[in-house]
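Here is how names work: the chains are called A, B, and so on, in the same order as the sequence lines, proteins then strands, and each is numbered from 1.
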Amino acid sequence: MGGRKVDYSPGVIEPKWQQYWEEQGFYKTVEDGKKKYYLLEMFPYPSGKLHMGHMRVYSIGDVLARFLTMRGYNVLHPMGWDAFGLPAENAAIERQVHPAKWTYENIAAMKKQQKALGISYDWEREVTTCAPDYYKWTQWLFLLFYERKLAYKKKAAVNWCPQCATVLANEQVEEGGCWRCGEIVAVKDLEQWFFKITDYAERLLADLRLLEGWPERVRVMQENWIGKSEGAEIRFPVKGKELELPVFTTRPDTLYGVTSLVLAAEHPLLDKLFTGTEQEAAVRSFVAQTRKLSEVARSSTEMPKEGVFTGAACINPVNGEEVPILVGNYVLMGYGTGAVMGVPAHDQRDFEFAKEYDLPIRIVISPPDYSLSAAEMTEAYLAQGVLVNSAHFSGMASEKAGQAIIAYLQEKGWGHGKTTYRLRDWLISRQRYWGAPIPIIYCDDCGMLPVPEQDLPVLLPEDVVFKAGGQSPLEQHPAFLHVKCPRCGRDARRETDTMDTFICSSWYFFRYTDPKNAEQAFAREKSDAWLPVEQYIGGIEHAILHLLYARFFTKVLHDAGMTRAVEPFSRLLAQGMVNKDGAKMSKSKGNVVSPDEIIKKYGADTGRLFILFAAPPEKDLDWNDRGVEGCYRFLKRVWRLVERYGDIVQAADVKAAAPDEAALALRRAFHLALKKVTDDIEQRFNFNTAISAVMEAVNAAYGYINEKEANLDRAVLAEVLEILALTLAPFAPHLGEEMWARLGKKTSVHLQAWPEYDAAVLQVENVEIVVQVNGKVRGRLIIPAGLDATAMQDRALRDERVAQAVAGQQVLKAIVVPDKLVNLVVR
RNA sequence: GCGAGAGUGGUGGAACGGCAGACACGCUAGACUCAGGAUCUAGUGGGCAUUACGCCUGUGGGGGUUCAAAUCCCCCCUCUCGCACCA
């Protein structure tokens with residue numbers, strides 16, 4: 001091959017095409033008659049630099065966006081910035097740079113990187129949550145929640161992160177530490193804002209059924225987090241006092257086995273029980289001791305169960321028995337009623353507790369096949385069974401008895417059936433500056449008032465001073481703080497707390513559908529035209545937090561008549577992490593690879609290809625520099641094909657003589673690859689096997705060229721190179737485009753229709769089948785395709801090796817899979 | 001402890017119940033080269049053979065179903081993730 005050849009230079013072709021796409025406005029989405037597809041990747045926090053996790057999620061999204069566009073869908077593929085949050089404020093404290101400046105600079109830097117990756121976003125729909133024209137509507141939505149009685153303020157024991165100097169939602173506490181900085185979370189009694197997500201607990205749980213396109217594990221995690229349990233609330237009157245202690249139990253069938261009542265150390269009625277008794281000192285010291293322990297230590301299973309008698313007793317309503325009341329370290333105030341009925345025989349915790357404090361163990365459930373003996377039990381009997389020692393309920397099966405006892409309690413007015421959730425209300429206020437201000441005003445005369453809609457947004461003042469560890473700067477900003485009461489006009493003051501940033505990200509996917517609307521958060525007809533998101537892609541770390549909140553928001557907006565959608569995301573792809581050397585990439589380990597480096601060294605196409613090729617999207621991926629080299633090598637191989645044959649095929653006479661056997665085989669290889677790529681993207685998101693199919697086809701092309709060097713079929717070569725450019729376009733968009741141009745095409749490869757494979761080309765005259773004897777492979781033979789079972793069996797038996805293996809034995813049975821296999825069962 | 005998922009060459013990973021290891025990395029040999037960390041060709045699970053390119057074995061371990069199991073069922077082991085005194 002003579003002539004001057006140009007090397008594959010991604011550094012030249014990538015910026016060229018990126019500029020072209022931008023100038024042509026290819027990726028602008030307009031509503032048209034085509035079938036819509038809303039494709040969304042979780043928007044990033046603008047930390048300043050893309051990391052490999054970002055690169056992975058955007059690469060996955062972009063393959064789908066480009067593929068679906070070629071498939072004829074009208075694709076909405078937007079990008080934006082989850083731009084409020086603590087890091088900006090920390091940067092402000094450390095470096096005296098304003099959070100806004102820091103954030104917008106980061107956005108610019110990351111956007112540049114995204115563009116360098118060649119991702120096909122519609123940048124005209126970009127949303128930035130810290131921009132006033134966005135947070136105006138975040139505030140408006142807060143007021144909507146407020147009106148609908150879904151936003152309320154209360155004093156409660158809340159999680160406080162001393163490091164971040166703010167409170168946290170339950171979902172943001174991980175193993176007792178702050179989700180952001182890991183600092184041990186303290187419990188404080190504070191007046192805070194909450195969203196009443198518990199009102200939606202049942203629907204959030206029930207509608208998980210609708211999310212068939214979500215990974216099972218994410219649904220399970222949400223299910224566990226919501227933590228529904230059904231049972232009964234039973235009120236135990238306190239002996240000698242005008243008091244009742246309600247308890248929640250999931251096992252009302254064990255009610256006759258109660259031998260104690262155990263309260264949490266924080267129980268509000270505790271004081272009234274022990275004050276004045278001789279137990280007072282002991283209880284006080286126990287309570288003090290327990291409350292001193294950290295939340296982590298207290299909720300550990302390892303913690304020995306301890307408690308102390310309060311001096312008081314209560315009456316089991318169903319049998320009138322007197323039952324001692326204790327305080328126990330294993331009872332949590334945050335769940336149920338903060339009090340439990342102790343049934344040692346049938347609850348492991350109560351059993352351990354009873355053993356420690358010599359409380360009686362009374363068996364009330366009998367297993368079906370043996371009988372229990374209280375003295376010999378080494379652990380509680382938890383399973384269901386038949387009731388014993390339970391008055392007129394004796395003899396009933398657990399489940400039925402539970403229902404009967406609930407009915408009985410209800411009739412007598414002692415209790416009722418109850419469903420409890422683990423889910424708590426969402427604590428949304430934060431004592432920080434860089435967030436959307438909560439639009440509330442406090443007036444000494446009129447009380448708490450919402451900011452009138454026409455006064456939105458409540459702007460964050462820019463001239464603020466940042467100091468480490470201190471209060472929110474908003475509290476020291478008189479111009480922000482002082483405001484006239486919207487009702488009486490007298491001096492009033494603003495709420496200085498801002499909103500949890502998870503609120504901003506709970507509705508951004510609505511705003512994308514109508515990003516510039518100055519009149520409302522989004523127009524219903526626009527959002528209804530696009531939502532729900534067909535495919536959402538993001539990290540598993542958001543399995544609970546963001547995904548639960550976004551679902552909650554969608555349901556509230558639905559109830560408010562703002563959207564048709566009841567669930568925001570039809571399908572969810574939880575992509576795996578990007579590791580290196582088997583460990584998470586981190587600065588401290590020194591194993592960080594940045595997208596920038598990769599783009600610089602190999603180009604965006606190589607980086608994208610590797611990240612898609614190295615593992616299926618939902619699995620963790622181990623970054624491997626050698627593997628990247630391999631993908632680079634592959635693209636160079638592709639490049640050389642076009643470089644050498646691009647001109648030749650343009651001159652091809654398409655009506656050339658009928659292709660020979662080798663050329664037909666080449667066509668077949670490419671149509672087969674096309675079929676596989678189509679199926680792998682469309683049905684399974686298995687980009688790794690899709691890419692390997694293209695690689696196989698390219699290998700076949702090299703094989704053909706080596707074999708037929710002097711006598712190439714130009715028409716076939718032209719056809720397969722076109723298929724190659726088209727199938728590669730979603731994965732390596734720049735090279736695909738460059739190839740397409742070099743094949744003499746005038747309009748962008750990304751505007752082409754995805755090619756259909758030709759089933760007739762896949763037809764083969766002969767197929768190779770496997771012949772097994774007793775399940776072991778004993779021969780392979782080439783036979784005409786479509787042969788019937790008898791004929792296949794005949795051919796198999798005529799094969800020399802097979803005949804040898806069968807010799808002297810009787811064929812009992814033959815299993816024939818057409819065009820594939822014959823298995824002879826002999827003896 | 002509970003729940004979910006996963007265990008396949010030296011490595012990443014492929015295999016509608018039907019040829020295990022596609023594709024790629026790495027490695028070996030050769031070709032072209034002043035040279036190659038470029039490119040091309042061939043080989044590459046393990047063992048035994050190698051005049052026949054054939055035999056045996058092999059998907060964490062053990063059982064089972066089936067003509068046929070990496071794939072389905074049961075038991076066990078290991079790892080990852082999530083939840084974890086939730087009454």
### Summary
Taking C67(B), U41(B), A38(B) as options, the one with an atom nearest any side-chain atom of Ile815(A) is C67(B)
### Closest listed nucleotide, where the reference is the side chain of Glu696(A) and the choices are G82(B), A22(B), C85(B)
A22(B)
What N/O pairs connect the protein and nucleotides 28-37 of chain B at under 3.5 Å? Give each pair on its own line.
none

### Message
Expressed as a whole number of angstroms, how long is the span from Leu612(A):CG to G13(B):C1'?
### Response
15 Å
#### Entry: A6(B) OP1/OP2 closer than 4.0 Å to side-chain N/O of Arg217(A)
no
### Task
List in chain and number order the residues that pass ring pair (Phe, Tyr, Trp, His ring centres under 6.0 Å) with Trp414(A), two or more places apart in sequence or in another chain; answer none if no residue qualifies.
Tyr408(A)
Just distance, no hydrogens or angles: give the donor-acceptor pairs under 3.5 Å from side chains in residues 627-637 of chain A, sequence neighbours left out.
from	atom 1	to	atom 2	distance (Å)
Glu629(A)	OE2	Tyr602(A)	OH	2.9
Arg637(A)	NH2	Asn699(A)	OD1	2.7

### Message
If the condition is salt bridge (charged side-chain N to carboxylate O under 4.0 Å, His left out), which residues does Arg251(A) pass it with, not counting sequence neighbours?
### Response
Asp253(A)
### Query
Got a salt bridge between Arg219(A) and Glu216(A), using NZ or NE/NH1/NH2 to carboxylate O under 4.0 Å?
yes
### Task
Determine the Euclidean distance between corresponding P atoms of G54(B) and A4(B); express it in Å to zero decimal places.
47 Å
### Closest heavy-atom pair and its distance - Glu223(A), Leu208(A)
N-CD1, 3.9 Å
#### Entry: Sugar-phosphate only, base, or nothing, as touched by Pro215(A) at under 4.0 Å among non-hydrogen atoms
nothing
### Task
Give one of base, sugar-phosphate or nothing for Arg684(A), where a contact means two heavy atoms less than 4.0 Å apart.
sugar-phosphate
### Task
Could you work out which one of A84(B), U41(B), G13(B) sits closest to the side chain of Tyr702(A)?
U41(B)
### Query
How is Asn224(A) classified with respect to the nucleic acid when contacts are heavy atoms under 4.0 Å: base, sugar-phosphate, or nothing?
nothing
### Message
Taking only the C1' atom of each, what is the distance from C56(B) to A24(B) in whole angstrom?
### Response
30 Å
### Task
Ignoring the backbone of Met695(A), work out which of C67(B), A87(B), C23(B) is nearest its side chain.
C23(B)
### Message
Using the ring pair (Phe, Tyr, Trp, His ring centres under 6.0 Å) criterion, which residues pair with Trp214(A)? Sequence neighbours excluded.
### Response
none
Heteroatom pairs (N/O) under 3.5 angstrom, protein to nucleotides 44-55 of chain B:
from	atom 1	to	atom 2	distance (Å)
C55(B)	OP1	Arg801(A)	NH2	3.1

### Task
With C1' as the reference atom in both, quote the distance from C48(B) to C53(B) in angstrom, rounded to an integer.
13 Å
### Task
Mind calculating the distance between CZ (Phe685(A)) and P (G13(B)) to the nearest angstrom?
20 Å
#### Entry: For RNA chain B, stems built from three or more consecutive Watson-Crick or G-U wobble pairs below 3.5 Å
B:1-7 with B:77-83, B:10-12 with B:23-25, B:26-31 with B:39-44, B:45-48 with B:54-57, B:60-64 with B:72-76
### Query
Under 4.0 Å between a side-chain N/O of Arg640(A) and OP1 or OP2 of A38(B), yes or no?
no
#### Entry: Residues which pass ring pair (Phe, Tyr, Trp, His ring centres under 6.0 Å) with Phe610(A), listed by chain and number, not counting sequence neighbours
Trp623(A)
Kindly list each side-chain donor-acceptor pair under 3.5 angstrom involving residues 766-775 of chain A, sequence neighbours excluded, with atom names and distances?
from	atom 1	to	atom 2	distance (Å)
Asn774(A)	OD1	Val826(A)	N	2.9
Asn774(A)	ND2	Val826(A)	O	3.3

### Query
If you measure from the P atom in G5(B) to the same atom in C85(B), how many Å do you get, rounded?
23 Å
### Distance-only side-chain donor-acceptor flag, Asn329(A) / Thr290(A), under 3.5 Å
no
### Message
If you compare every side-chain N and O of Arg637(A) against the phosphate oxygens of A38(B) (OP1, OP2), does one of them come in below 4.0 Å?
### Response
no
### 4.5 Å side-chain heavy-atom contact, Trp225(A) and Leu205(A)
no
### Query
What nucleic acid atoms does Gln772(A) come within less than 4.0 Å of, heavy atoms only: base, sugar-phosphate, or nothing?
base
### Task
Verify the contact: side-chain N or O of Asn706(A) to OP1 or OP2 of U41(B), cut-off strictly under 4.0 Å; return yes or no.
yes
### Task
State whether Lys636(A) places a side-chain N or O below 4.0 Å from either non-bridging phosphate oxygen (OP1 or OP2) of U39(B).
yes
### Query
With respect to the side chain of Asn329(A), which nucleotide from C85(B), C25(B), A87(B) is positioned closest?
C85(B)
### Task
Can you tell me the distance, in whole Å, between the CZ atom of Arg219(A) and the P atom of G3(B)?
18 Å
### Task
Using whole Å, report how far CD1 of Ile544(A) lies from P of C81(B).
15 Å
Pairs under 3.5 Å (N/O, protein and nucleotides 10-12 of chain B):
from	atom 1	to	atom 2	distance (Å)
G12(B)	O2'	Ala614(A)	O	2.8

### Task
Just label G61(B) as syn or anti from its O4'-C1'-N9-C4 or O4'-C1'-N1-C2 angle, using within 90° of 0 for syn.
anti
### Task
Look at the side chain of Lys305(A) and decide which nucleotide, out of G13(B), C67(B), C85(B), has an atom nearest to it.
C85(B)
### Task
In whole angstrom, give me the gap between the C1' atoms of A49(B) and C34(B).
43 Å
### C1' atoms of A70(B) and G13(B), separation to the nearest Å
14 Å
### Task
Would you check if the side chain of Asn686(A) reaches a backbone N or O of Asn688(A) as a donor-acceptor pair within less than 3.5 Å?
no
## Note on the structure
By ring pair (Phe, Tyr, Trp, His ring centres under 6.0 Å), Tyr549(A) pairs with (sequence neighbours left out) Trp426(A), Phe502(A)
### Task
May I ask you to say what Val220(A) touches in the nucleic acid, namely base, sugar-phosphate or nothing, with a heavy-atom cut-off under 4.0 Å?
sugar-phosphate
### Task
Sticking with atom C1', work out how far G9(B) lies from A22(B), rounded to a whole angstrom.
14 Å
### Summary
Closest to the side chain of Asn686(A), out of U57(B), A68(B), A15(B), is A15(B)
#### Entry: Salt bridge flag under 4.0 Å for residues Glu202(A) and Lys228(A)
yes
### Query
Closest to the Val331(A) side chain: A87(B), C23(B), U41(B)?
A87(B)
### Query
Which part of the nucleic acid, if any, lies within reach of Arg626(A) when heavy atoms closer than 4.0 Å are counted: base, sugar-phosphate only, or nothing?
sugar-phosphate
### Message
For Tyr335(A), give me all partners under side chain to side chain donor-acceptor pair (under 3.5 Å), at least two apart in sequence or on another chain.
### Response
Ser229(A)
### Query
When you check the phosphate oxygens OP1 and OP2 of A87(B), does a side-chain N or O of Thr420(A) lie under 4.0 Å from one of them?
no
### Query
Is a donor on one side and an acceptor on the other found under 3.5 Å between the side chain of His671(A) and the backbone of Tyr757(A)?
no
### Message
Measuring to OP1 and OP2 of A68(B), would you say a side-chain N or O of Lys820(A) lies under 4.0 angstrom away?
### Response
no
### Task
Check whether more than 12 heavy atoms from other residues, nucleotides or ligands sit under 6.0 Å from atom CD of Gln683(A), and answer yes or no.
yes
### Task
Map Met341(A) and Gly775(A) onto RNA chain B by nearest heavy atom, then report which one ends up closer to the 5' terminus.
Gly775(A)
### Query
If you measure from the P atom in G64(B) to the same atom in U71(B), how many Å do you get, rounded?
14 Å
### Message
Looking at Tyr357(A) and Gly307(A), would you say the former's side chain and the latter's main chain have a donor-acceptor pair under 3.5 Å?
### Response
yes
